[in-house]
Asks: 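My questions will all concern the structure given below.
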Amino acid sequence: MAETIAAIATAPGEGGISIVRVSGDRAEEVLNAVFRPATPGALQDRVLTYGRAVDAAGQTLDGCLAVIMRAPRSYTREDVAELQLHGGTATARRVLQSCLDAGARLAEPGEFTRRAFLNGRIDLSQAEAVMELISARGENQRRAAVRQLEGGSASFIRAAADRLYDIQAGLAACMDYPEEISDEEATDGLAPKLAALAAELEAACDERAAHLIHEGLAVALVGKPNVGKSSLLNALIRRERAIVTDIPGTTRDTVEGEITLGGTLVRLTDTAGLRETDDPVERIGVNHARQALSGADLVLLVLDGSAPLTREDAEAAAAVDPSRAVALLNKADLPPCVSEEDVRALLPVREVLRVCARDEATLQPLRALLAERAAVSDSLALTQPRHIEAAERAVRALKSAGERLAQGSMELAAVDLNEAQHALAEITGDEADERLLDRVFSRFCVGK
Ligand SMILES: Nc1nc2c(ncn2[C@@H]2O[C@H](COP(=O)(O)OP(=O)(O)OP(=O)(O)O)[C@@H](O)[C@H]2O)c(=O)[nH]1
Ligand SMILES: [Mg+2]
């Protein structure tokens with residue numbers, strides 16, 4: 001821990017400013033070596049000071065602002081120094097090199113936040129929320145990250161852990177005073193509390209919502225050639241992303257576009273028209289289409305509503321799981337030639353929508369349907385896959401404890417309860433070994 005670390009905290013590339021951050025016992029010493037204030041004198045704690053960044057020979061690297069935030073009132077609870085430079089990779093790199101020459105070492109990914117956690121400023125779920133906030137792409141992900149950063153997940157888990165301690169204490173009392181508390185009394189008193197706790201934790205483990213928040217809703221546009229898949233992708237994302245022509249087999253590979261609906265990212269994939277073909281390039285494209293199909297949360301089977309359905313439509317439909325699909329009858333601007341019954345005979349989907357890629361008004365019901373599929377509750381206690389996995393382990397242990405109790409095996413129930421308590425403590429990081437921390441912080445960017 002004693003080592004002083006440094007990194008560029010801003011994203012690479014050109015920008016208004018770049019920030020080099022230093023943390024550790026020697027942060028102030030490093031800052032004094034690389035920074036010359038315009039008005040000579042000692043730097044004041046937490047006051048931004050104008051001056052020059054210099055290299056080891058005292059040559060000016062940039063005009064800049066610098067600040068020292070002395071422990072413990074800093075992000076890491078160590079002495080932290082920051083230099084605000086003109087944005088740009090070359091300058092930031094040179095100033096970082098100056099910091100390293102002055103005795104700092106390059107920070108690992110997430111090391112500043114790791115120190116904030118190890119020094120008790122934030123718990124592990126909050127540390128993860130920092131990364132979550134940085135990488136948030138949809139509004140739902142941003143809001144979930146802020147809730148977690150403010151301690152939402154931690155307080156939910158700590159409340160559950162407290163209730164579990166009560167149950168453990170009750171069980172310990174029964175085991176210590178068997179002559180005063182009968183097995184039946186113990187079971188009757190503890191089993192309902194156990195079941196309620198398990199049910200509440202289980203309800204918080206919404207994997208689907210967590211997936212939507214992090215990955216967005218994956219939607220694949222599939223169908224035989226020339227039905228208007230690429231036209232629909234372009235219309236939905238309001239951009240000419242995919243090439244459209246009246247030649248069947250125009251799209252040779254998957255093409256992706258993104259929109260945000262109701263705060264959730266919707267990742268649309270346009271695919272090569274599904275058909276048997278001798279063209280080797282098109283065949284690879286069709287294989288990519290099948291992969292997109294299997295990885296999609298929702299499949300939009302596109303059909304041309306202005307022409308009779310064909311064998312190729314039936315073959316495309318055969319590749320689609322109807323429970324995950326919606327059928328689109330495109331080209332609704334032309335006289336209709338296909339009924340909803342015809343579609344359902346092909347694929348028993350719940351929804352059939354008539355759309356026209358050239359008419360935004362007809363796409364509104366489709367946008368509404370996608371928004372509904374992408375919707376997530378704004379009050380989820382747990383949204384990180386890691387937290388959900390640990391909470392699920394706790395639920396399994398609690399259920400097992402309930403069964404042991406019913407069988408009269410109090411000692412074994414106590415072991416299960418202990419295991420549940422450990423699983424909960426992993427979420428907040430109250431119990432976290434190096435391996436777990438390495439796993440969590442390896443996802444971070446350098447400089448955070
Ligand atoms: N009238 C009408 N024509 C459309 C509509 N949507 C697409 N088209 C036309 O249909 C033809 C095929 O459109 P694409 O979007 O390239 O079809 P695709 O399904 O991507 O075709 P492939 O890439 O070959 O599989 C083009 O000439 C489009 O202009 C629509 O809603 N109405
Ligand atoms: Mg296409």
Side-chain angles (χ1 to χ4, degrees), residues 218-259 266-296 298-322 324-340 342-343 346-347 349 351-370:
V219 178
L221 288 147
V222 301
K224 75 173 179 190
N226 225 33
V227 290
K229 301 178 293 299
S230 301
S231 305
L232 284 168
L233 172 82
N234 292 344
L236 285 168
I237 65 172
R238 298 191 170 103
R239 201 157 63 85
E240 296 305 307
R241 175 77 181 80
I243 297 169
V244 169
T245 74
D246 55 5
I247 306 163
T250 297
T251 306
R252 292 294 196 93
D253 203 348
T254 50
V255 180
E256 299 199 355
E258 292 180 351
I259 45 173
V266 176
R267 293 185 290 114
L268 295 155
T269 305
D270 173 29
T271 61
L274 294 173
R275 67 170 171 185
E276 295 296 327
T277 166
D278 293 330
D279 180 338
V281 179
E282 193 177 352
R283 215 162 39 221
I284 295 170
V286 170
N287 280 338
H288 287 181
R290 292 189 192 281
Q291 281 164 20
L293 192 62
S294 65
L298 179 69
V299 173
L300 301 176
L301 175 68
V302 184
L303 304 162
D304 181 346
S306 70
L309 296 176
T310 65
R311 188 177 53 83
E312 280 183 334
D313 286 312
E315 283 168 6
V320 176
D321 168 5
R324 281 192 298 137
V326 169
L328 301 181
L329 278 173
N330 190 31
K331 310 197 185 184
D333 52 325
L334 302 174
C337 191
V338 181
S339 73
E340 295 189 10
D342 296 339
V343 175
L346 209 63
L347 189 72
V349 285
E351 286 107 344
V352 180
L353 300 180
R354 287 192 189 271
V355 294
C356 169
R358 297 168 182 180
D359 180 0
E360 171 61 31
T362 69
L363 299 178
Q364 285 305 323
L366 174 57
R367 288 187 196 278
L369 182 143
L370 293 175

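Order of appearance sets the numbers: ligands from 1, and atoms from 1 within every ligand. Just the heavy atoms: all of them, side chains too, but no hydrogens, waters or symmetry mates, feed the values below.
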Asks: Between Lys224 and ligand 1, does any nitrogen or oxygen pair lie at a separation below 3.5 Å?
Replies: no
Asks: Please state which protein non-hydrogen atom is closest to atom 29 (O) of ligand 1 and give its distance, to 0.1 Å?
Replies: Arg358 NH2, 2.9 Å
Asks: Going by the order shown, which atoms of ligand 1 are within less than 4.0 Å of some heavy atom of Ser231?
Replies: 6 (N), 7 (C), 13 (O), 14 (P), 15 (O), 28 (C)
Asks: Quick one: nearest non-hydrogen protein atom to atom 31 (O) of ligand 1, plus distance?
Replies: Ala357 N, 3.0 Å
Asks: Ignoring hydrogens, just give me the one of Gly273, Pro225, Gly249 whose non-hydrogen atom is nearest atom 24 (O) of ligand 1.
Replies: Gly249
Asks: Could you measure the distance from the NE2 atom of His288 to the OG1 atom of Thr269? Nearest 0.5 Å is fine.
Replies: 12.5 Å
Asks: Which bit of Ile247 gets closer than 4.0 Å to ligand 1, counting heavy atoms only: side chain, backbone, both or neither?
Replies: backbone
Asks: In this structure, which one of Leu301, Leu232, Leu303 forms a side chain to side chain contact (heavy atoms under 4.5 Å, CB included) with Leu328?
Replies: Leu232
Asks: Check whether any N or O atom of Pro248, backbone or side chain, sits under 3.5 Å from an N or O atom of ligand 1, and answer yes or no.
Replies: no
Asks: Closer than 3.5 angstrom, by distance alone: can the side chain of Asp342 be matched with the main-chain N or O of Ser339 as a donor-acceptor pair?
Replies: yes
Asks: Can you tell whether the side chains of Arg239 and Glu258 come within less than 4.0 Å, N to carboxylate O?
Replies: no
Asks: Test your reading of the structure: does Gly228 have an N or O sitting under 3.5 Å from an N or O of ligand 1?
Replies: yes
Asks: Atom 23 (O) of ligand 1: which of Val227, Thr251, Val286, Leu232 has the nearest heavy atom?
Replies: Thr251
Asks: May I ask you to decide if Thr277's main-chain N or O and Arg283's side chain share a donor-acceptor pair within less than 3.5 Å?
Replies: yes
Asks: For Ala296, is there any backbone N or O sitting under 3.5 Å from a side-chain donor or acceptor partner on Arg324?
Replies: yes
Asks: With a heavy-atom distance limit of 4.0 Å, tell me whether Thr245 approaches ligand 1 through its side chain, its backbone, both, or neither.
Replies: backbone
Asks: For atom 22 (P) of ligand 1, what is the closest protein heavy atom, and at what distance to 0.1 Å?
Replies: Asn226 N, 3.6 Å
Asks: For ligand 1, which atoms have a heavy atom of Leu334 less than 4.0 angstrom away?
Replies: 1 (N)
Asks: Between the side chains of Lys224 and Asp304, is the shortest nitrogen-to-carboxylate-oxygen separation below 4.0 Å, so that they form an ion pair?
Replies: no
Asks: Looking at the Mg ion (ligand 2), is one of the N, O or S atoms of Ser230 less than 2.8 Å from it?
Replies: yes
Asks: For ligand 1, note which part of Asn330 has a heavy atom under 4.0 Å away: side chain, backbone, both or neither.
Replies: side chain
Asks: To the nearest 0.1 Å, how far is atom 28 (C) of ligand 1 from its closest protein heavy atom, and which atom is that?
Replies: Val244 CG1, 3.7 Å
Asks: Does Arg367 reach the main-chain N or O of Leu236 with its side chain, forming a donor-acceptor pair under 3.5 Å?
Replies: yes
Asks: Report yes if some N/O of Cys356 lies less than 3.5 Å from some N/O of ligand 1; otherwise report no.
Replies: no
Asks: Run through Leu363, Leu334, Asp333 and flag the one making a side chain to side chain contact (heavy atoms under 4.5 Å, CB included) with Cys356.
Replies: Asp333
Asks: Any heavy-atom pair between the side chains of Glu282 and Glu276 that's under 4.5 Å?
Replies: no
Asks: Taking heavy atoms and a distance under 4.0 Å, where does Asp333 meet ligand 1: side chain, backbone, both or neither?
Replies: side chain
Asks: Looking only at heavy atoms, what is the nearest atom pair of Asp313 and Val227, with distance?
Replies: OD1-CG1, 4.4 Å
Asks: N/O to N/O below 3.5 Å, does that happen between Thr271 and ligand 1?
Replies: no
Asks: Can you check which of Arg252, Lys331, Lys229 brings a heavy atom nearest to atom 5 (C) of ligand 1?
Replies: Lys331
Asks: Is there an N/O/S atom in Thr251 at a distance below 2.8 Å from the Mg ion (ligand 2)?
Replies: yes
Asks: Is a donor on one side and an acceptor on the other found under 3.5 Å between the side chain of Asp270 and the backbone of Leu233?
Replies: no
Asks: With no hydrogens and no angle check, is any side-chain donor or acceptor of Asp253 less than 3.5 Å from a backbone partner on Gly285?
Replies: no
Asks: Polar-atom distance check: Val355 versus ligand 1, any N or O pair below 3.5 Å?
Replies: no
